[in-house]
Amino acid sequence: MKDYILTVGLEIHVELATETKMFCNSKNDTDEWHPNTNVCPVCLGYPGTLPTINKEAVRSVLRLGVALGGQIADYTEFNRKNYFYPDIPKGYQISQYKYPLVQGGMLNDVAITRVHLEEDTAKSLHNESGHSLLDFNRAGIPLMELVTEPVIKTPADAANFAREWQLLLRYLDISGANMEKGEMRVEANVSVQRSDLKKDSGGSTLGTKVEIKNLNSFKVVEKAIKFEMARQINALEKGEKVVQETRGWDENKEETFSQRIKESAHDYRYFPDPDLPKLSIKDIPEFSEMALRASLPELPRQKRERLSKLGISKEHMEIYVAQPEWGKLFEEVVDILKDKDLIKLVSNYITSELKSLVSPVEFSEVIRMVTRGELSSKGAKGVLKVLAETGGETRKIAEEENLMQENNREILEKIVEEVLEENKNAPVQFLVGQAMKKSGNRANPVILQELLKGRKGDRG
Ligand code: MN
């Protein structure tokens, strides 16, 4: 068998964590599981509605562009990318074409082609009875698309780039970028060529590229590229041609499969969306490179540079960069001790003894449950105590120790009812306190307050 060179380019879609959607005021909440709740005529695609541009979303992409060392657009516009699919009933997706917000830049030694902004589609759910259901909560969520140059040479490098991308987005606080929640979705363009035939007959230096879609974890990114590389080499070795197409990843068989022959850009009939204003970025003071740069936190690469001067191992350094909560603890302790000779010892204890008390997996589940409102901060403390003392699984502990926050409106309404009955004419704050007590301190105080205010309002 001949030697082959692998070439990979990545396309990564990320949902931005803005308050509202890209072109309307509907809430942007990737945790909302009641279907079709955060919707309005604009994101439902009704004819005759007028979209408006979400400034926060544009700013997020521009900040990222500055962090990447890319070129920020002076001028931009949004385009209609025309195609029909049940999850995009207006018949087009609002995207960008000629004028992406960011061009160029670099991350992990990978050159960036562009970063542009578009809207997410609705979600299709195919149920067992053969029906398809549509949920529009996701429709119109700001979706940022990154395209890299085809310069990645190994499956591991591709996965590492995706990891670094996620980390950067989290540092910039512009997306949770959780792959398991679909907030970050990776596609890989994969091609191989024989190393002794640098140019094919068309004069291109790359082989035929195949796009693999829906890679939903870093492991899968690596596995799918590995599989695809082997498949293409095998085809070429047999004298077959690699077909330019879009392939999916079969989780069970652990292989890629053909989905469709790829459309090219002219099939989409891009044209500027006449409903949206053009943006002269250079005339918006908050979008000046200086203002954007001033808004940046310490970036992962800067943190590495600073930590590397402390004389700790690369392995420890990566723990602190990838898990900033441990990094913060490390730096705080170093700062208190103010003794250079103790830095390594501190780092050893934190990364072994202390870190083994609570596994990062369980700890991140605690954080997730707090942000979802399933645990109050008091409940989180309780769970962490058990995790440190006896270990276990976060959710199980929360359930067994009765620490789950009560969010069920029907149950809370009953409690509110009782409290109102027992304490006539008391102020709302007092009633919230009473209701909290009745719930064994498990009620979600925000919902309680809302229910009580509503009820007090009813009574005039
Ligand atoms: Mn896209």
Side-chain angles (χ1 to χ4, degrees), residues 9-26 28 30 38-40 42-45 49-65 68 70 72-73 75-103 105 112-124 136-148 165 169 174-177 182-187 189 211 213-214 246 262-279 281:
L10 293 177
E11 284 175 33
I12 306 184
H13 283 87
V14 170
E15 291 176 342
L16 299 177
T18 51
E19 287 291 312
T20 53
K21 291 186 180 180
M22 188 59 228
F23 299 111
C24 64
N25 273 333
S26 294
N28 169 7
T30 54
N38 298 324
V39 293
C40 77
V42 175
C43 56
L44 285 170
T49 54
L50 199 61
T52 50
I53 299 170
N54 184 331
K55 195 172 183 179
E56 193 193 343
V58 174
R59 185 168 172 267
S60 296
V61 178
L62 295 176
R63 285 177 70 231
L64 172 70
L68 292 168
I72 301 303
Y75 164 89
T76 199
E77 62 186 26
F78 287 92
N79 291 71
R80 290 188 180 179
K81 180 182 180 177
N82 297 283
Y83 69 96
F84 176 80
Y85 203 70
D87 64 15
I88 191 112
K90 5 186 232 291
Y92 59 87
Q93 177 193 33
I94 306 177
S95 181
Q96 295 193 289
Y97 189 51
K98 254 194 190 160
Y99 303 97
L101 283 170
V102 176
Q103 291 189 73
I112 309 285
T113 312
R114 58 187 273 151
V115 184
H116 74 244
L117 198 47
E118 54 190 35
E119 56 180 341
D120 210 344
T121 62
K123 204 186 239 172
S124 310
F136 281 82
N137 285 339
R138 199 178 75 172
I141 285 182
L143 195 64
M144 180 178 77
E145 180 175 336
L146 153 85
V147 182
T148 77
W165 187 245
L169 300 179
I174 62 178
S175 175
E183 291 168 345
M184 171 162 152
R185 314 193 279 264
V186 178
E187 292 158 36
N189 288 307
E211 179 178 337
K213 271 196 171 326
N214 301 324
T246 300
K262 178 87 180 140
E263 298 88 353
S264 49
H266 61 258
D267 293 332
Y268 290 124
R269 296 286 188 273
Y270 283 96
F271 68 88
D273 191 309
D275 288 341
L276 287 164
K278 321 268 180 208
L279 286 186
I281 303 277

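Just so you know, these numbers come straight off a predicted model, no measurement behind them.
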[atom1] of [X]: more than 12 outside heavy atoms within 6.0 angstrom?
{"X": "Lys90", "atom1": "NZ", "answer": "yes"}
{"X": "Tyr83", "atom1": "OH", "answer": "yes"}
{"X": "Asp275", "atom1": "CG", "answer": "yes"}

Under 3.5 Å, is there a donor-acceptor pair between the side chain of [X] and the main chain of [Y]?
{"X": "Asn137", "Y": "Asn38", "result": "yes"}
{"X": "Thr148", "Y": "Leu10", "result": "yes"}
{"X": "Asn28", "Y": "Thr18", "result": "yes"}
{"X": "Arg80", "Y": "Arg269", "result": "no"}
{"X": "Thr76", "Y": "Tyr99", "result": "yes"}
{"X": "Arg138", "Y": "Thr121", "result": "yes"}

Side chains of [X] and [Y] in contact at under 4.5 Å (non-hydrogen atoms):
{"X": "Thr52", "Y": "Val42", "answer": "no"}
{"X": "Tyr268", "Y": "Asn79", "answer": "no"}
{"X": "Pro272", "Y": "Tyr270", "answer": "no"}

Between [X] and [Y], which heavy-atom pair has the shortest distance, and what is it?
{"X": "Cys43", "Y": "Phe136", "value": "O-CD2, 3.8 Å"}
{"X": "Leu16", "Y": "Ser60", "value": "CD1-CB, 4.2 Å"}
{"X": "Met184", "Y": "Ile12", "value": "CG-CG2, 3.9 Å"}
{"X": "Gln96", "Y": "Pro100", "value": "OE1-CA, 4.0 Å"}
{"X": "Leu117", "Y": "Phe78", "value": "O-CE2, 3.8 Å"}
{"X": "Ser26", "Y": "Val39", "value": "OG-C, 3.4 Å"}

As an exercise, state the distance from [atom1] of [X] to [atom2] of [Y], rounded to the nearest 0.5 Å.
{"X": "Ile141", "Y": "Ser175", "atom1": "CD1", "atom2": "OG", "answer": "10.0 Å"}
{"X": "Gln93", "Y": "Glu119", "atom1": "CD", "atom2": "CD", "answer": "6.0 Å"}
{"X": "Asp273", "Y": "Lys278", "atom1": "CG", "atom2": "NZ", "answer": "8.5 Å"}
{"X": "Arg63", "Y": "Leu68", "atom1": "CZ", "atom2": "CG", "answer": "12.0 Å"}

_Can you pull out every salt bridge (Lys or Arg N to Asp or Glu O under 4.0 Å) where at least one residue sits in residues 49-62? Sequence neighbours excluded, please._
Lys55-Glu286
*Tell me, which pairs form a salt bridge (Lys or Arg N to Asp or Glu O under 4.0 Å) where one or both residues lie in residues 13-26, sequence neighbours left out?*
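Salt bridge (Lys or Arg N to Asp or Glu O under 4.0 Å) check on residues 13-26 returns Glu15-Arg185.
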*List the steps, then state whether side chain to side chain contact (heavy atoms under 4.5 Å, CB included) holds for Leu64 with Val102.*
CA-CA 9 Å; Leu64 172 70; Val102 176; over 6 Å; no
*List for me each residue that meets side-chain hydrogen bond (donor to acceptor under 3.5 Å, both in side chains) alongside Tyr75, sequence neighbours excluded, and say none if there are none.*
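Testing Tyr75 for side-chain hydrogen bond (donor to acceptor under 3.5 Å, both in side chains), a comparison that skips the adjacent residues, returns Glu77.
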*Show your reasoning for whether side chain to side chain contact (heavy atoms under 4.5 Å, CB included) applies to His13 and Glu187.*
CA-CA 8 Å; His13 283 87; Glu187 292 158 36; 3.6 Å; yes
*Is there a side chain to side chain contact (heavy atoms under 4.5 Å, CB included) between Leu146 and Val14 once you walk through the steps?*
CA-CA 8 Å; Leu146 153 85; Val14 170; over 6 Å; no
*Please assess Val186 against Trp165 for the test side chain to side chain contact (heavy atoms under 4.5 Å, CB included), listing each intermediate value before the final yes or no.*
CA-CA 11 Å; Val186 178; Trp165 187 245; over 6 Å; no
